[in-house]
Protein chains: 2
Amino acid sequence: MPARTSAPDRATYFPQLAAERPDIALCRASTVVARAAETAAHEHGIGVGQHLVLKMLAAVGPRSQQALSEELRIDRSVMVGIADELERSGYIRRERDPADRRAYAVTLTAAGRRALTQAEKYIPEFLDRTFAALTTAERDQLAALLGKLLT
Amino acid sequence: MPARTSAPDRATYFPQLAAERPDIALCRASTVVARAAETAAHEHGIGVGQHLVLKMLAAVGPRSQQALSEELRIDRSVMVGIADELERSGYIRRERDPADRRAYAVTLTAAGRRALTQAEKYIPEFLDRTFAALTTAERDQLAALLGKLLT
DNA sequence: TATTGTTATACTCTATAACTATA
DNA sequence: TATAGTTATAGAGTATAACAATA
């Protein structure tokens, strides 16, 4: 995809294009939302990837980096860096899995759980701001459609 | 956003995440769709950006690269390369705007119009394949929601 | 031989800043 | 001084391949 810029003051042709090409509209909406998510996350001292890892560990318990990679669709070579930062912050521990000593059992610490709770606080407000153009019902509709598309 | 990989065979935690976080779902759906669009476009010998420029020129007539950039949300430095390729293919001409000799009047050629017609042919089939998980009504719903979000 | 975590590398995408010619 | 087109560069994001330790 070509490099995108932020929206100009007035738009004439673009809405027509977005209506005809849902794929283009999807990509443009994604860049706007992704930028907002990354900014919001960094303002709260944590990356989106870090947040997702903490969230998944809290939901499903200790997992290998491999399992985290697959489930969160984050490349395992990128997962290394995310785990590094989380460990440096004291939010996770890398314990060796006794059953398979190639793998770690990435484990959420008490500090990590607190950091997650803290980070989760700004999410509703962030979603509210980012999806302000849509009503609650429309947001649910959008989430359902995207979920179906991703199956 | 962290690097993403293609989906694993079975998913357990991810659907739950997608339901809770429409922003994440949006970004993941976008990567899948963008990849498919780029692949499909290249198979037909034209980039997504090139296609959009031809399409806009056909819709609104000759425009400066600046106008194309703003309306299509493509950075003007990227637009240079797109126009280069289109001109090399003989699909556009760069004519100087007599009223403002700083600007070009980027003009669609007959060959460009034919190329556009040809390229447009695979789009419905591509959209059908890419959004196969959704019904026609759901696709329209999605397009409408995204359009509203992008306003 | 295959897999986990790791590192390195290349390649694309995007943002930014300059430069020129015009206004 | 500002704008249109151009070029160059730097920084992310992403894909890929290799390696050591273990299975």
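Proteins come first, then strands; the chains are lettered A, B, ... in the order of their sequence lines, and each starts at number 1.
- Contacts of B/R96 with the nucleic acid, taken as non-hydrogen atoms under 4.0 Å apart, are absent.
- The CG-P distance, from A/D97 to D/dT22, rounds to 13 Å in whole Å.
- Using a 4.0 Å cut-off between a side-chain N of Lys or Arg and a carboxylate O of Asp or Glu, B/K55 and B/E120 qualify as a salt bridge.
- Nucleotide D/dA4 holds its P atom 14 Å from the CZ atom of B/R63, rounded to whole Å.
- In summary, B/R139 and A/D23 do not engage in a salt bridge, as defined by a charged side-chain N under 4.0 Å from a carboxylate O.
- Regarding A/Q66, its CD atom lies at a distance of 15 Å from the C1' atom of D/dA21, rounded to whole Å.
- Of the candidate nucleotides C/dT4, D/dT6, C/dT7, D/dT6 has the atom nearest to the side chain of B/Y104.
- Atom CG of B/D84 and atom P of D/dG5 are 12 Å apart (whole Å).
- Relative orientation of the B/H44 and B/Y122 rings is parallel, given thresholds of 30° and 60° on the angle between their planes.
- B/L52 CG to A/F14 CZ: the interatomic distance, rounded to the nearest 0.5 Å, is 8.5 Å.
- Within the model, atoms CG of B/L146 and CG of A/L146 stand 7.0 Å from one another, a figure rounded to the nearest 0.5 Å.
- The NE2-C1' distance, from B/H42 to C/dT12, rounds to 11 Å in whole Å.
- Rounded to an integer number of Å, the gap from A/R76 CZ to D/dA18 P is 13 Å.
- The side chain of B/R35 places no N or O atom within less than 4.0 Å of a non-bridging phosphate oxygen (OP1 or OP2) of C/dT12.
- Remark: the B/R101 side chain and the C/dT22 base include no donor-acceptor N/O pair separated by less than 3.5 Å.
- For B/D100, counting side-chain heavy atoms from C-beta on, the closest listed nucleotide (C/dA23, C/dT4, D/dT6) is C/dA23.
- If you measure from atom CE of A/M79 to atom P of D/dG13, you get 15 Å, rounded to the nearest angstrom.
- As judged by a 4.0 angstrom heavy-atom cut-off over every strand, B/S77 is placed among the base-contacting residues.
- Applying the 3.5 Å distance criterion, the base of C/dG5 shares no donor-acceptor pair with the side chain of A/R102.
- Distances were taken from every side-chain heavy atom of A/D75 (C-beta onward) to each of D/dT16, D/dT6, C/dG5; the shortest belongs to D/dT16.
- Residue B/R73 contributes atom CZ, which lies 14 Å from atom P of C/dA15 at whole-angstrom precision.
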